Amino acid sequence: MIDYDKLLNFKIPEVRQTLTARDAVFYALSIGFGQDPMDARQLPYVATHKGPAVVPAMAVVIGHPGFWAADPATGIDAVKVVHGEQRITLHAPLPASGEVIGRTRVTGLVDKGEGKGALLYSEKEITDAATGKLLATTGSTTFLRGDGGFGGPSGPVIPPNPMPEGAPDIVVDLPTRLEQAFYYRLNGDDNPLHIDPEIAAKAGFPRPILHGLCTLGVVTHALMRELGDYRPEALKKLSLRFSSPVYPGETIRTEIWKNGAFRARVVERDVVVVNNGHAEFAA
Ligand SMILES: CCCCCCC[C@@H](O)CC(=O)SCCNC(=O)CCNC(=O)[C@H](O)C(C)(C)COP(=O)(O)OP(=O)(O)OC[C@H]1O[C@@H](n2cnc3c(N)ncnc32)[C@H](O)[C@@H]1OP(=O)(O)O
């Protein structure tokens, strides 16, 4: 059972991480870069002789504190946790090497009621350990499906981005691989929901589901290709809502509007899996 004050003030250990070019290349491969060998614009992300360049969405794994919700002291029913929303703000291009610090804290907790779940808001700041410079700020909404009705406040909630009417301007299909979650988790995202059929069944899914942040990486790839010409410094901000699970092996179709709005659907099931997306790219 969640204790509102205890969880709001839960201390998440700071993470010091020494990055190498290999981490950046691994991250890019784990979200599916390199699957189009004829597009040389991807090369700096996956081959160090041309780079290294860092996919800006890597901010979600740099300085990541791991699946801390599984600590029984949080009071969270960890098996029922799903990723609800993600926000990223890049203050500077991410470094391919050097020491960084990730500091994560809980910023809000909303009770949606018994049987409806709860929202946990958290924020992570990534700084350069040598200079103290702030590199990126990321924000997560975690949907605690098993924890509604603990007597907490019903707001405030962060409103989802509005979506445009009508058809998207650009559509990009990118595949995921059956074994993708096994790779993606090596970025430090080790929730067993994504690889263990028994845990997935306990969580109410017929098979393990893909990490929301892996889906975010695939969608960011589509956005970088269409709105950022694969330039690592072009993406400034991104936010989205995960509206339905993706199963590894499915094809993700990202639907993009030229003003930066986007959503994504799984082609095989025609289900919208990412909604209320918005990305900001530098000109
Ligand atoms: C703490 C540790 C940090 C680490 C956490 C991350 C660990 C990861 O390893 C876990 C993952 O990656 S899970 C994979 C990615 N996520 C998903 O697949 C979830 C997809 N979304 C869903 O299943 C449903 O939208 C679902 C279930 C989220 C909601 O569905 P419903 O209950 O049917 O909701 P609905 O009836 O549509 O709406 C009810 C109210 O909830 C709000 N809402 C809906 N989807 C939301 C979402 N994704 N995020 C935030 N709020 C959301 C609605 O606005 C509505 O609000 P209100 O009651 O105010 O009208």
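Remember, it's 1-based here, ligands and their atoms both numbered in the order they're listed. Keep in mind that the numbers below use all heavy atoms, side chains included, and drop hydrogens, waters and symmetry copies. Remember, predicted model here, so these are calculated numbers, not experimental data.
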* Asked: Going by the salt bridge (Lys or Arg N to Asp or Glu O under 4.0 Å) test, which pairs reach into residues 123-145, not counting sequence neighbours?
  -> Arg105-Glu123
* Indicate, with yes or no, if the rings of His194 and Tyr247 have centres closer together than 6.0 Å. => no
* **Option passing ring pair (Phe, Tyr, Trp, His ring centres under 6.0 Å) with His211 (candidates Tyr184, Phe67, Phe242)** => Tyr184
* Please identify each residue that fulfils side-chain contact (heavy atoms from CB on, under 4.5 Å) with Arg241, with sequence neighbours left out. => Glu85, Pro160, Asn276
Residues 69-77 side chain polar contacts: donor-acceptor under 3.5 Å, at least two apart:
unit_1 : atom_1 : unit_2 : atom_2 : d
Asp71  : OD1    : Ala73  : N      : 2.9
Thr74  : OG1    : Ala69  : O      : 3.2
Thr74  : OG1    : Asp71  : O      : 2.8
Thr74  : OG1    : Ile76  : N      : 3.1

Give one line per pair: atom of ligand 1, protein atom, distance. Only N/O to N/O under 3.5 Å.
unit_1   : atom_1 : unit_2 : atom_2 : d
ligand 1 : 9 (O)  : Asn191 : ND2    : 3.1
ligand 1 : 9 (O)  : His194 : NE2    : 2.7
ligand 1 : 12 (O) : Gly212 : N      : 2.9
ligand 1 : 16 (N) : His83  : O      : 3.0
ligand 1 : 21 (N) : Phe242 : O      : 3.0
ligand 1 : 21 (N) : Ser243 : O      : 3.4
ligand 1 : 25 (O) : Ser243 : O      : 3.2
ligand 1 : 43 (N) : Arg241 : NH1    : 3.4
ligand 1 : 48 (N) : Gly84  : O      : 3.0
ligand 1 : 48 (N) : Phe242 : O      : 2.9
ligand 1 : 51 (N) : Arg241 : NH2    : 3.3
ligand 1 : 54 (O) : Arg241 : NH1    : 3.1
ligand 1 : 56 (O) : Lys112 : NZ     : 3.4
ligand 1 : 59 (O) : Lys112 : NZ     : 3.4

* Going through the distances and angles, do Thr254 and Leu174 end up as a side chain to side chain contact (heavy atoms under 4.5 Å, CB included)? -> CA-CA 8 Å; Thr254 306; Leu174 290 171; 5.7 Å; no
